[in-house]
Amino acid sequence: MKYQHWLILTCCLIKYTVAKYKQPNPEKYFMALHVAMLEQNLIEYQDENLTIIDDWYPKGSNHYIVISKRYIRGIRHVNRSHIPLLEQMEEKGLWVARSFRSRRSYLVGYHAEPFFDRLHLHIVSEDLRGRGLKNKEHYNSFTTPFFMPSKDVLHSLRVNGSLHFPSHEQCRLWLKRPLHCAQCNYQPKSIQDYKDKHVAYHNFDTWSPPANVSQVPTGFWIAKMWTFFEEWGNITATPE
DNA sequence: GTTCTAGAAC
DNA sequence: GTTCTAGAAC
Ligand SMILES: [Zn+2]
C-alpha cells in the first residue's frame, strides 16, 4: 500500500474513534452537577450546607456554581422556607468570588429554565468572555430576563412567597434574540465580534486565564505544576 | 449541557 | 474564501 492509503486509513480510524467516544448522552449531562460537586479539583469552598465549584465551561473570566448539599430539584421548587438557604448561597458565593478576584463585578442569579438537575446559583463575572461562552444563547442566558437575579428571587419569595416564571416560548425568544451588549448600546454582529473585539472597549478587570491559553503567563503554569507535584507528594507519601 | 459540520450568509 | 448558524449526534 502507498502512504496515501495509510493516511486515509488512519483518518478513518480517528474519525471512527472520535464518533464512538463522543456519542451524545443527555442523561449524563443532566446529572453532571451531582458528579461535579464531588470533584475535588473543582471545589473552591464547602461547608455543611453548600458546595461551591468552578463551572467546567466558564461563561465569564470567573464562573462559580453554588450548590446546596441538601438535594433541591431546582429554582422552580423553592418556597419561603428556602429563603435562609438562598441568602446563604448568595452571600457565600459572592464571598468566594470576591476573595479570588475582588475587583470584578459579578452576575448572581438563576436560569429560568436550567438544564442541570439540582438547584444551582450562577456567579459569573460580568465580562462574559470565558472560554465556555460560545454562542448567542450563552450570552443571552445571562443578559436577558432568562437570568433571574438572586436579589429579585429573594425579594419575590419574601413578598409573594412564590416565584413567577416566563413561558417556554418566551424563554426561547430571549435566548434567540440578537446580541445586545449589556454594558452599552452596541449590537455585536456575532459572538466572536463580541468576544474578540467589543469586550476590549469596556474596562473589565483583565487577566483572563481561561480565555486564551497561549496568553497565560509562564508563572501561572509553574505555579500549577508546583501544586500538582505537592499534591502528588501527599498522595504517594506513606502514612506514619 | 457540548462537539462537529454542512450549508447559508457574508 | 471565510465566518456564522442551526441541527444532528447510529
Ligand atoms: Zn458594550
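Order of the sequence lines sets the chain letters (A, B, ...), proteins ahead of strands, with each chain counted from 1.
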Between [X] ([atom1]) and [N] ([atom2]), how many Å, whole number?
X: A/His63; N: B/dG1; atom1: NE2; atom2: C1'; value: 12 Å
X: A/Arg177; N: C/dT5; atom1: CZ; atom2: P; value: 16 Å
X: A/Glu137; N: C/dA6; atom1: CD; atom2: P; value: 7 Å
X: A/Asn140; N: B/dG1; atom1: CG; atom2: P; value: 12 Å
X: A/Lys59; N: B/dT2; atom1: NZ; atom2: C1'; value: 9 Å
X: A/Leu175; N: C/dA6; atom1: CG; atom2: P; value: 12 Å
X: A/His138; N: C/dA6; atom1: NE2; atom2: P; value: 14 Å
X: A/Tyr139; N: C/dT5; atom1: OH; atom2: P; value: 15 Å

In the structure I gave you, are the side-chain heavy atoms of [X] and [Y] within less than 4.5 Å of one another anywhere?
X: A/Ser68; Y: A/Leu85; result: yes
X: A/Ile191; Y: A/Lys134; result: no
X: A/Leu107; Y: A/His122; result: no

Using a 3.5 Å cut-off on both pairing distances, which stems of three or more Watson-Crick or G-U pairs include DNA chain C?
B:2-10 with C:1-9
Answer yes when [X] and [Y] have at least one side-chain N-carboxylate O distance shorter than 4.0 Å, and no when they do not.
X: A/Arg73; Y: A/Asp117; answer: no
X: A/Arg172; Y: A/Glu137; answer: no
X: A/Glu48; Y: A/Lys69; answer: no

Each nucleotide N or O in nucleotides 7-10 of chain B that has a protein N or O under 3.5 Å away: list the pair and distance.
none

Test your reading of the model: is there a side-chain donor-acceptor pair from A/Ser99 to the backbone of A/Val96, 3.5 Å cut-off?
yes
For the residue pair A/Trp95 and A/Tyr45, categorise the inter-ring angle as parallel (less than 30°), tilted (30 to 60°) or perpendicular (more than 60°).
perpendicular
Go through residues 109-121 of chain A and report each residue with a non-hydrogen atom lying under 4.0 Å from DNA chain C, sorted by number.
none
Within residues 181-197 of chain A, find the residues that approach DNA chain C with a heavy atom at under 4.0 Å, and present them sorted by residue number.
A/Ser190, A/Gln192
Centroid-to-centroid, A/Tyr139 to A/Tyr194, below 6.0 Å?
yes
For this output row, return yes or no: ring centroids of A/Phe142 and A/His63 closer than 6.0 angstrom.
yes
Taking the cut-offs as 6.0 angstrom to the six-membered ring centre and 45 degrees off its axis, would you call A/Arg129 and A/Phe204 a cation-pi pair?
no
Under 4.0 angstrom between A/Lys134 side-chain N/O and B/dG1 OP1 or OP2:
no
What nucleic acid atoms does A/Phe30 come within less than 4.0 Å of, heavy atoms only: base, sugar-phosphate, or nothing?
nothing
Evaluation steps, side-chain contact (heavy atoms from CB on, under 4.5 Å), between A/Leu154 and A/Ile83:
CA-CA 7 Å; A/Leu154 279 164; A/Ile83 290 176; 3.9 Å; yes
Got a sec, which hydrophobics cluster with A/Phe30, joining ILVMFWY side chains under 4.5 Å apart, including via others?
A/Met31
Excluding sequence neighbours, so at least two apart, what forms side chain to side chain donor-acceptor pair (under 3.5 Å) with A/His168?
A/Glu113
